[in-house]
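Hydrogens, waters and symmetry mates play no part in the numbers below; they use all other heavy atoms, side chains included. Naming convention: chains lettered A, B, ... in sequence-line order (proteins, then strands); numbering from 1 in each chain.
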There are 2 protein chains.
Amino acid sequence: MKKITMSDIARIAGVSKATVSMVLNKKDENISEETKNRILNIAKEMNYIPNSVARSLSTKKSSTIGIIVPDITNPYFSEVSRAVEDSANIFGYNVILCNSDNETEKEEKYVELLISKLVDGVIFAVGGHNTRGIELLQENSIPFVLLDRHVEGFENLYGVYCENQLGVVQGVEYLYENGKRNIVFVKGPGDIEIAKQRLSGYKLTMEKYGIYNENFVYESDFTMQGGKNVTEKIINEIEKIDAIFYSNDAMAVGGMKVLLRNGYKVPDDISIMGFDNIQISEFVEPELTTIGQPIYEMGRESCRLLIDIINNVDVEKKEIYFKPQLIKRGTA
Amino acid sequence: MKKITMSDIARIAGVSKATVSMVLNKKDENISEETKNRILNIAKEMNYIPNSVARSLSTKKSSTIGIIVPDITNPYFSEVSRAVEDSANIFGYNVILCNSDNETEKEEKYVELLISKLVDGVIFAVGGHNTRGIELLQENSIPFVLLDRHVEGFENLYGVYCENQLGVVQGVEYLYENGKRNIVFVKGPGDIEIAKQRLSGYKLTMEKYGIYNENFVYESDFTMQGGKNVTEKIINEIEKIDAIFYSNDAMAVGGMKVLLRNGYKVPDDISIMGFDNIQISEFVEPELTTIGQPIYEMGRESCRLLIDIINNVDVEKKEIYFKPQLIKRGTA
DNA sequence: CTGAAAGCGCTTACAG
DNA sequence: CTGAAAGCGCTTACAG
């Protein structure tokens, strides 16, 4: 069964395809009611589905945006992607999803792919430390907005972020107020910007109270498994621990497991603090005390911002910062 | 800065764009080494990125597949999507992701979108009960494979499934062997095929032992929050419960939380069984005993199958069934 | 070994 | 109120 095209409809309706195109695209001020209805009916009857590839080639726009995240399997990114998709849909865009695994090469490959697909813009949670992907986007004049992760070395990029440092400061203050002094911090992977920002919040506050000790800083990879591994190391190496501040929830969930397994009472023996407020943090027992990011809002805003840029509407601020919020629950 | 095209390269290299096209697509048996290198160098130097939209229009293929799932935020689907994306990439395809929220209209809308984008095929985890989406795919001769969820009323569709009924049978048997008799079952949303299949496994086995009681069957929506809600209901309404079999892990995680909160010891007072073996099931405490699906393999196979169909290679079996596996952990 | 030409299915000035 | 024509950037027979 051959796919039906505008020409088919035009032929059947006895008009030109220009006319068909116009009525199907609602640019029909000058088309008589009669022709309009005739065309609409035929299109409907034949289940006509426009070929948007042809349309894109002609208009140079695709009504598609790309989103590049490290890993959709990470709840933070699945939630934020979901938000992006929802808002994109509202504005008539659809989204191509790309998992970079924090690898620069994959990022680059995907950026090329997206450009070649004529995406109208991209939302980019940069994982790698190299920035070829961003340069490519710039060279090809593709609008893009950074999400979650700031990128050093560039001025004036659009972006939607959370005030990571502030969040950790709040968290550490809260632990301190509750009498915790031996606070271990688990940072994220070395070269990722948010990992550094969160660490700096910890360092700042601990130094302020004169209790910073670099041996209390551990590194892991933002995954549950990583949280598990690092926690085994921590309880082996440090004798007295009042609290562990995991710089994301996934690691906290993994870590809490190890603590409970080893007979620690949470939060009596040891407090736990996470970061993100992903869905699952409310469902573990005890519930995770964490620094909440407005994940859905961030996804939504990044999409709105991108679409504004695409449409050349003036945006007041190139960078949008969301405030994190301490969410007191059962683990601290 | 204007995007550079094949014509540009052709002009600079002093050849026709046909020649450029051929060397860039490795159909270059008949092109002299010299011209070939000249073209390749120019393309590289100018950072040429081919316009794949134009290519698609011309070839009628897009090297893109669509995947429609209920909700990427659901770990089962994020894991399976990830698997699909990984394998698609290996074969040179990329993927457009669509969240249907189990709504028929969204499914339909997305199917149209995917068709209009000229996707080469789609992987479809059908949520709604209506099947217009499938009909559309068929009418337009788009290859597709069903994933996870069988659809009634159609013969001969390609699909990758898990033997849901068998899985639940195994689970109930295991509980029975361990002396559990008052086994509550939480099924999934009414009209979803896998919900029915899993329920039937429960009913079958319970009847076999003469202990089936329809008051012990509850319904929820496959989410953590749903698991929480239904569990509150269950412990209010039923006095003596030996075990709760949640028909997916998300509900089990939510449910376990409620049980622990209400002072039940798991698994001493009450056993819990889940279904899926999503990542998180290993990280809750106690670890969830569950019926594991080979999620990643299922995603991978559905993609492989789809690509075989696209390429017209003969496939032995239209339906691939994976065997679930009882994973004994801490909750039962 | 390479080029000219048609075609993919649309959109968009322009003309009448 | 509507049509003819060019163009988007590719690919693919066909010809030489």
- Taking OP1 and OP2 of C/dC8, is either one under 4.0 Å from a side-chain nitrogen or oxygen of B/Lys61? no

- Residue whose nearest DNA chain D nucleotide is more 5′ - B/Ser58 or A/Glu33: A/Glu33

- Task: Give a yes/no answer on whether the side chain of A/Lys17 brings an N or O atom under 4.0 Å of OP1 or OP2 in D/dA4.
- Result: no

- Could you please spell out the steps behind the salt bridge (Lys or Arg N to Asp or Glu O under 4.0 Å) verdict for B/Glu34 and B/Arg38? CA-CA 6 Å; B/Glu34 202 236 304; B/Arg38 187 148 34 97; 3.4 Å; yes

- Query: If we call it a pair only when both distances are under 3.5 Å in a Watson-Crick or G-U wobble match, what pairs with C/dA4?
  - Reply: none

- Item | Nearest-angstrom distance from the residue atom NZ of A/Lys117 to C1' of D/dC10 | 14 Å

- Message: Whether A/Ser21 contacts C/dT11 is assessed here as follows: a side-chain N or O lying under 4.0 Å from the phosphate OP1 or OP2. Is that the case?
- Response: yes

- Task: Give a yes/no on whether any side-chain N or O of B/Thr59 is located under 4.0 angstrom from OP1 or OP2 of D/dT11.
- Result: no

- Exam field: side chain A/Ser100 to backbone A/Glu107, donor-acceptor pair closer than 3.5 Å: no

- Task: Using Watson-Crick or G-U wobble geometry with both distances below 3.5 Å, tell me the partner of D/dA13, or none.
- Result: none

- Rounded to whole Å, CZ of A/Arg11 lies from C1' of C/dG9 at a distance of 14 Å

- Message: Taking CD in A/Glu135 as the centre, count heavy atoms belonging to other residues, nucleotides or ligands within less than 6.0 Å. Is the count above 12?
- Response: yes

- Message: Can you measure B/Ile39 atom CD1 to C/dC1 atom C1' for me and round it to whole angstrom units?
- Response: 12 Å

- Length of the CE-P vector between A/Met22 and C/dG9, whole Å: 21 Å

- Query: What integer distance in Å separates B/Leu57:CG from C/dA6:P?
  - Reply: 17 Å

- Task: Round to the nearest Å and state the distance from A/Arg55 atom CZ to D/dG7 atom C1'.
- Result: 16 Å

- Could you tell me whether A/Tyr321 and A/Tyr161 have their ring centroids closer than 6.0 angstrom? yes

- Starting at atom CE of A/Met6, determine the distance to atom C1' of C/dC8, rounded to an integer number of angstrom. 14 Å

- Does the pair A/Asp101 and B/Arg82 meet the rule for a salt bridge (Lys or Arg N to Asp or Glu O under 4.0 Å), with working shown? CA-CA 11 Å; A/Asp101 288 319; B/Arg82 182 64 216 256; 2.7 Å; yes

- Just call it for A/Thr35: base, sugar-phosphate, or nothing, with non-hydrogen atoms closer than 4.0 Å on any strand. sugar-phosphate

- Message: Is there a side-chain contact between A/Thr5 and the phosphate of C/dC8, meaning an N or O under 4.0 Å from OP1 or OP2?
- Response: no

- Query: With nearest nucleotides of DNA chain C determined for A/Ala54 and B/Arg38 from heavy-atom distances, which residue corresponds to the more 5′ nucleotide?
  - Reply: B/Arg38

- Item | Value in whole Å for how far the C1' atom of C/dC10 lies from CG of A/Asp8 | 13 Å

- So B/Ser56 and B/Ser62, side chain to side chain donor-acceptor pair (under 3.5 Å) or not? Walk me through it. CA-CA 5 Å; B/Ser56 295; B/Ser62 60; 5.3 Å; no

- Message: Taking only side-chain N and O atoms of B/Thr19, does any of them lie within less than 4.0 angstrom of OP1 or OP2 on C/dG3?
- Response: yes

- Note on the structure: Quick note, B/Lys60 side chain, CB onward, closest among C/dG3, D/dT2, C/dG9 is C/dG9

- Message: With a 4.0 Å cutoff (strictly under), does any side-chain N or O of B/Asn25 reach OP1 or OP2 of D/dT11?
- Response: yes

- Message: It should be established whether B/Tyr48 places a side-chain nitrogen or oxygen under 4.0 Å from OP1 or OP2 of nucleotide D/dG9.
- Response: no

